[in-house]
2 protein chains.
Amino acid sequence: MSPSHIHVPHHCRTVTEILSRVGDKWSVQVVVQLGNGPKRFNELRRIVEGISQRMLTLTLRGLERDGLVTRTVYPTIPPRVDYALTGLGCSLLKTVRELGVWAIENRDEILEARRRFDGANLPEIGQDERRSDAA
Amino acid sequence: MSPSHIHVPHHCRTVTEILSRVGDKWSVQVVVQLGNGPKRFNELRRIVEGISQRMLTLTLRGLERDGLVTRTVYPTIPPRVDYALTGLGCSLLKTVRELGVWAIENRDEILEARRRFDGANLPEIGQDERRSDAA
DNA sequence: CGGCATCCGACCTGATACTG
DNA sequence: CAGTATCAGGTCGGATGCCG
């Protein structure tokens, strides 16, 4: 097996593709929640809260498509649909958590770097150009 | 440090924010390339190739802002600017590589899941509204 | 309750042209 | 070489309304 430090263009696309899913605004949050056990649609909607019905649907579809999540329909009335992580989803969750730990551990350093950068580069611009800052 | 399996809303935002950067189409690729050593602007442009000049600029700015990359200007003629990973950038690279490994290892499973899903859900598209929508 | 379709605005991106 | 400014197009995401 090839070591991870050599650059393989073929793999590059694969990785980028997966990273897109991970970087997706909601996918990871949903996966994390499902890590605590299966959830129903509106249950997820409440927990993630901030996600719209549309986005939750699309996100779940995407995750299901990639084999990360299973969708179980109970043809009752009212209908009930459970979503749960697959083995693949679980393994992704584990890996992503590493990244989460990294993020939390380095949060302060990043925030400080940001403050420093903003202060040094745009000290006299009244307009706010921040894109990724949470309000 | 709190275990990663308890959900802390505060951390949630932090993680999401970082994940956005990681999921960013170019950030990771640039970081990976810089992992092989400092690079000049157009050097990066050539290696990543596919990235536009604008996006490379924006990506590098973002990475610099987050303290992941350093930018060194040599006031020569013609100008020369080197970009390099910081310690923070290196540690991120290490963590992201884990994800890369995961992606490569599970690529086949994901692709197959996708094929299965697509085959099961959209077996007969294409004959819908063939009204030559060449707007 | 769970889900899809539509509309529509905000944002992201790439191409182009210009500067130091 | 490195970078900024501008503009047009595409995508993303939310709000709304309807269906099973």
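A note on names: the letters A, B, ... follow the listed sequences, proteins ahead of strands, and every chain is numbered from 1. Computed from a predicted structure; not experimentally measured.
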Rounded to whole Å, please give me the gap between [atom1] in [X] and [atom2] in [N].
{"X": "Leu56(B)", "N": "dG14(C)", "atom1": "CG", "atom2": "C1'", "value": "13 Å"}
{"X": "Ile77(A)", "N": "dG2(C)", "atom1": "CD1", "atom2": "C1'", "value": "13 Å"}
{"X": "Asn42(B)", "N": "dA2(D)", "atom1": "CG", "atom2": "P", "value": "5 Å"}
{"X": "Leu44(B)", "N": "dA2(D)", "atom1": "CG", "atom2": "C1'", "value": "12 Å"}
{"X": "Leu58(A)", "N": "dC12(D)", "atom1": "CG", "atom2": "P", "value": "10 Å"}
{"X": "Asp24(B)", "N": "dC12(C)", "atom1": "CG", "atom2": "P", "value": "10 Å"}
{"X": "Arg40(B)", "N": "dA2(D)", "atom1": "CZ", "atom2": "C1'", "value": "9 Å"}

_Letter per nucleotide, 5' to 3', of nucleotides 14-20 of chain D [B base touched, S only sugar-phosphate touched, - untouched; heavy atoms, 4.0 Å]_ = BB----B
What residues form a side-chain contact (heavy atoms from CB on, under 4.5 Å) with [X], not counting sequence neighbours?
{"X": "Glu98(B)", "answer": "Thr95(A)"}
{"X": "Val69(A)", "answer": "Leu34(A), Leu63(A), Tyr83(A), Leu85(A)"}
{"X": "Arg54(B)", "answer": "Ser52(B), Leu58(B)"}
{"X": "Ala103(A)", "answer": "Val15(B), Ile18(B)"}

Donor-acceptor pairs under 3.5 angstrom involving side-chain atoms of residues 42-49 of chain A: please list them, not counting sequence neighbours.
from, atom 1, to, atom 2, distance (Å)
Glu43(A), OE1, Arg40(A), N, 3.0

*Go ahead and write out DNA chain D as dot-bracket, 5' to 3': ( ) for pairs within the strand, [ ] for ones crossing earlier pairs, | when the partner sits on another strand, dots for unpaired; Watson-Crick or G-U wobble, both distances under 3.5 Å.*
||||||||||||||||||||
_Looking at Arg114(B) and Glu17(A), is there a salt bridge between them, counting it only when a charged N and a carboxylate O are closer than 4.0 Å?_
yes
Enumerate donor-acceptor pairs with a distance under 3.5 Å from any side-chain N or O in residues 73-80 of chain A to protein atoms, sequence neighbours excluded.
from, atom 1, to, atom 2, distance (Å)
Thr76(A), OG1, Tyr74(A), O, 3.4
Thr76(A), OG1, Pro78(A), O, 2.8
Arg80(A), NE, Asp82(A), OD1, 3.2

*Look at the side chain of Arg71(B) and decide which nucleotide, out of dG2(C), dT4(D), dG3(D), has an atom nearest to it.*
dG3(D)
*asked:* Considering only residues two or more places apart or on different chains, which pairs with a residue in residues 19-35 of chain A satisfy salt bridge (charged side-chain N to carboxylate O under 4.0 Å, His left out)?
replied: Arg21(A)-Asp66(A)
*asked:* When you compare the side chain of Gln53(B) with that of Phe41(B), does any pair of heavy atoms fall below 4.5 Å?
replied: yes
_Once you apply a heavy-atom cut-off of 4.0 Å, does Tyr83(B) come out as touching a base, just sugar-phosphate, or nothing?_
sugar-phosphate
